[in-house]
Amino acid sequence: MSERYEPSEIEPKWQAYWERDETFRTPEGTERPKRYVLDMFPYPSGAGLHVGHPEGYTASDIVTRYLRANGYAVLHPMGFDAFGLPAEQHAVKTGTHPAVTTRQNIDTFRRQLKRLGFSYDWDREVDTTDPAYVRWTQWIFLLLFERGLAYQDEVQVNWCAALGTVLANEEVIDGKSERGGHPVERLPLRQWVLRITAYADRLLDGLDTVEWPTSTMTMQREWIGRSVGAEVRFGVEGRDEAIEVFTTRPDTLFGATFMVLAPEHPLVAKVTTDAERAAVEAYVASASNRSDLDRQQSKEKTGVFTGGYAINPVNGARVPIWIADYVLMGYGTGAIMAVPAHDTRDFEFATRFGIPIVEVVSRSGAPSDAPLGEAMVEAGVAVNSGRYDGMETAAFKVKITEDLEAAGKGRRRVEYKLRDWVFSRQRYWGEPIPIYFPVTTDGDPRAGAAHTIHHDQPIPVPVEELPLRLPDLDDYHPGSDPAGVLARALDWRFFQKDGRWYARETNTMPQWAGSCWYYLRFMDPHNEAAAWSREAAARWLPVDLYVGGAEHAVLHLLYARFWHMVLYDAGLTGAVTEPFQRLVHQGMILGEIEYTAYRDAAGALVSAEHATKNADGAIVDRRDGGVLSATRVEPARVTKRGASFVLAEDPAIALVSRAPKMSKSLGNVVNPDDIVDRFGADALRTYEMFMGPLEATKPWNTDSIQGVRRFLERLWTVATRTPSEAPPPDALLRLTHKTIQKVGEDIEAMRFNTAISAMMVLNNELAALAAPPRFCVEALVVLVHPFAPHLAEELWERLGHAPSIQAVPWPKHDPALVVDEVVEIPVQVNGKVRGRVSVSRDAAEADVLAAALADEAVARQLEGKTLLKQIYVPGRIVTLVVGG
RNA sequence: GGCCGAGUGGCGGAAUGGCAGACGCGGCGGAUUCAAAAUCCGCUGUCCGCAAGGGCGUGCCGGUUCGAGUCCGGCCUCGGCUACCA
């Protein structure tokens, strides 16, 4: 073994040791308190690990190793979320079964993860595509089905013909598929839907009991979108119909000067007069063809008058009924009462179409003198509202809702933005939905006999027959059949039982399914009799710390919480109602900072302040509209001039500096394997933690790893010197205890960057000594081990100890040694530090002030001035205020 | 448009309302070397000054305070998410 720090030797050595020794096996049957530290498991893509992955994984690994050293039994598992489109698309292209591709990708990921020295209990690895796992995912689906939480519905779905599947609303971005950017159209299709809306209030209330980033909780709250208001019925003039609207502002009913129906609203045809019919039908047709993208791009409100009138239930006023696509059929009742004076959207619409605007709320309590220039959406005092005039908005809402209810014209109503969860996909590579249906046929449907599938009579697959496996196919193409890829697997789809024909469900589950409960399986991964045992749930739930990307703030985290609550109701999670107690999002790691210069068509450089984006998104010169091209500039050619970066050889040319996301197309993706080869896993881990706060978005910088590597090298040098067995000098002893305290506190708060900086400081002190004290060196090696575990194990062994350093208790700082006996106090005069005095930590105020005034530099500042005020903040600072 | 977050040296970033710039990168100077790399030592916000020392400095404007990077009010810029949800 080399005497130099050689990561390529020691890292494999210790990884092999940990594997042989089962160092990281989860302790069961101990009395030690538990902690469950979980990473969001990855999708094993063919591209392998990205440097973004190890960021969160290193953070959780540090916490895990720290907790173990503090006596906790820690569950820290890893697995793979392996269903999903890329493996299937690869199968379409190559004919390779997705299971084969998935297996290979998982092997690559596991190898890469192991190279980084994470302390997972690999015996508990979970793969969502493993039939032994799918079995229980299907079992949970049946639980949902039995409880009435999984049902079929004809849903207007987002059908993506290119992908051959239905997409969830959240998988559609700007009218295109999130994956691939293919066009998406709306059409009605039979789908399985999960009744997540039944849990809306609990999903909302549960957020009050968890320690999550406020931004994520806000996003979930907004996604659920609970709003309290009233349902109000407006009669239709000359017809025995009523239009129901939902409003959060029933206090503005007197200001309702028109109604708007969504174009798809069932009453549209009935309220439309013959004179307006042609225009209305044309509008409805064009609205249905408009994609969401088109709707967003045209900011102008559109709509047409139906010719019909409704009657305002509070004052009998005739209000015209319009249709417009700014009212959505999917929310509330698909119809609104429009109050232009107090709703921005209604104001725009009324202004555009010349509809009267009646003010019914004012800040002062008196009607405004001039017409409103914009909608007044805030609360205020009622005006122009008959007997309700003078009421405050909040009280008015309550009162009028009661009055409407008493009159049979309305009632209180709560609405949610949250929709039930469309749970079917028409793909191959997902869990089959374990349901089948009776079939009426006069022959063998597998041979093409005519048949009818009775989808209204779903039958659950008996649990003892689970898992329901996917059939093998030769062709994984999505095809145009909205029943899905599995519909072509006739031998799998149709079967006979007791002489009758049945057909299996051909939809599969979405990728979210497996990740909804993997944290539960990790508790008891080899259980063949149950998805997990009650004992395991009592032992390990909830997840104490969950680390993963903010991109899962809504979907995964909301779906998993929903399933957890259903499982809680089924008595399967003990008393634990929320699965993830503390949640932390690691920030994104961007590519290296790049400098860009612009050139015009002739190739001449153009300073960045002239560049702007035109309506098409192209970069042009704002002076003449000429198209500009961007070129990268090497950092060596860049200098800073004032607030901007400029070209060193021509400072008139300003450059753009930014750190773009890592992406294949930009060619700035950093591969962790390369970094491990060059610098070692310990340096990569420590660097990623040293870059800045865990939650922050931060640019990658390969040069900076060199600094972390140097720190590890110096630690090696220090710790391989023959240590001094004498007690450390006082200052060094105190610094060591302060470092112990700071590193522990910083790990608990997940401030890893400052923990590393503190260890660097101690290491720099020790490096100056020919024979550093053993106590200090050993403390530092133990402190560093969660960050750089291979190096720490090696040094611990070389210091004469038996492995593993993981078994060494975390050092405790001595509270008496983390405060200094003598402190240097800065002395400020009128806010500026003019001198400093050394005093005992608990010196009396009078003594400190006297010493401060005696200081030569301070005295000079006081000369000829009046001392107005003197303040001593014990142990921190002296402030003197002078005048004259 | 809405919500969330962030603006501090050339760069990444530190700072319970109390010494702004810890730690690291980069740069400059030196030691070592035949030379270089690596390593080690020193300096490194900026302006004035030979120096001692002093002025100015945490996006901008104002406020609270003996004292503000930090708290409050109002803006500006950037990033992320979201988007007609009545």
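Just so it is clear, the model here is predicted, and its values are computed rather than measured. We name chains A, B, ... by the order of the sequence lines, and we start the count at 1 in each one.
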Below 3.5 Å between N/O atoms, which protein atoms pair up with nucleotides 19-29 of chain B? Just atom names and distances, please.
| residue | atom | partner | partner atom | Å |
| --- | --- | --- | --- | --- |
| B:C19 | O2 | A:Arg836 | NH1 | 2.8 |
| B:C19 | O2 | A:Arg836 | NH2 | 2.5 |
| B:C19 | N3 | A:Arg836 | NH1 | 3.0 |
| B:A22 | N3 | A:Ser757 | OG | 3.3 |
| B:C23 | O4' | A:Ser757 | OG | 3.4 |
| B:G24 | OP1 | A:Asn764 | ND2 | 3.1 |
| B:C25 | OP1 | A:Arg710 | NE | 2.9 |
| B:C25 | OP1 | A:Arg710 | NH2 | 2.8 |
| B:G26 | OP2 | A:Arg710 | NH2 | 3.1 |

I need the CD-P distance between A:Glu695 and B:G5, as an integer number of Å. 12 Å

Look at all strands and tell whether A:Thr248 reaches a base, only sugar-phosphate, or nothing, counting heavy atoms closer than 4.0 Å. sugar-phosphate

Just checking A:Glu856: does its CD atom have more than 12 heavy atoms from other residues, nucleotides or ligands closer to it than 6.0 angstrom? no

Do NZ/NE/NH1/NH2 and the carboxylate oxygens of A:Glu348 and A:Arg352 come within less than 4.0 Å? no

Taking B:G12, B:A14, B:C84 as options, the one with an atom nearest any side-chain atom of A:Pro699 is B:G12

Scan A:Ser227 against the nucleic acid and name what it touches under 4.0 Å (heavy atoms): base, sugar-phosphate only, or nothing. sugar-phosphate

Nearest-Å distance for atom pair NZ/P, residues A:Lys301 and B:A86: 14 Å

Please state how far atom CD in A:Glu551 lies from atom C1' in B:U82, giving the value in whole angstrom units. 16 Å

Would you classify A:Lys417 as touching base, sugar-phosphate or nothing, given that sugar-phosphate means primed atoms plus P, OP1 and OP2, and contacts are heavy atoms under 4.0 Å? base

Let me know, please, whether A:Val881 or A:Glu713 comes out on the 5' side of the other along RNA chain B by nearest nucleotide. A:Glu713

Give the nucleotide from the list B:C11, B:C81, B:A86 with an atom nearest to the side chain of A:Val327. B:A86

Both distances below 3.5 Å, Watson-Crick or wobble geometry, any strand: find the nucleotide opposite B:A31. B:U39

Who pairs with B:G53 - Watson-Crick or G-U, where each distance is under 3.5 Å: B:C48

Is any N or O donor-acceptor pair between the side chain of A:Thr697 and the base of B:G5 shorter than 3.5 Å? no

What residues, two or more places apart in sequence or in another chain, satisfy ring-ring contact (aromatic ring centres under 6.0 Å, His included) together with A:Tyr595? A:Phe645

Taking the side chain of A:Asp325 as heavy atoms from C-beta outward, which of B:A86, B:C84, B:G12 is closest to it? B:C84

Would A:Phe258 and A:Phe349 count as a close aromatic pair, with their ring centres under 6.0 Å? yes

Side-chain H-bond candidate by donor/acceptor type, A:Glu592 with A:Thr702, under 3.5 Å: yes

Whole angstrom value for the distance that separates P of B:C81 from NE2 of A:His552: 13 Å

Polar atoms only, N or O, under 3.5 Å: list the protein pairs with nucleotides 53-56 of chain B and their distances.
| residue | atom | partner | partner atom | Å |
| --- | --- | --- | --- | --- |
| B:G54 | OP1 | A:Arg834 | NH1 | 3.4 |
| B:G55 | OP1 | A:Arg834 | NH2 | 3.4 |

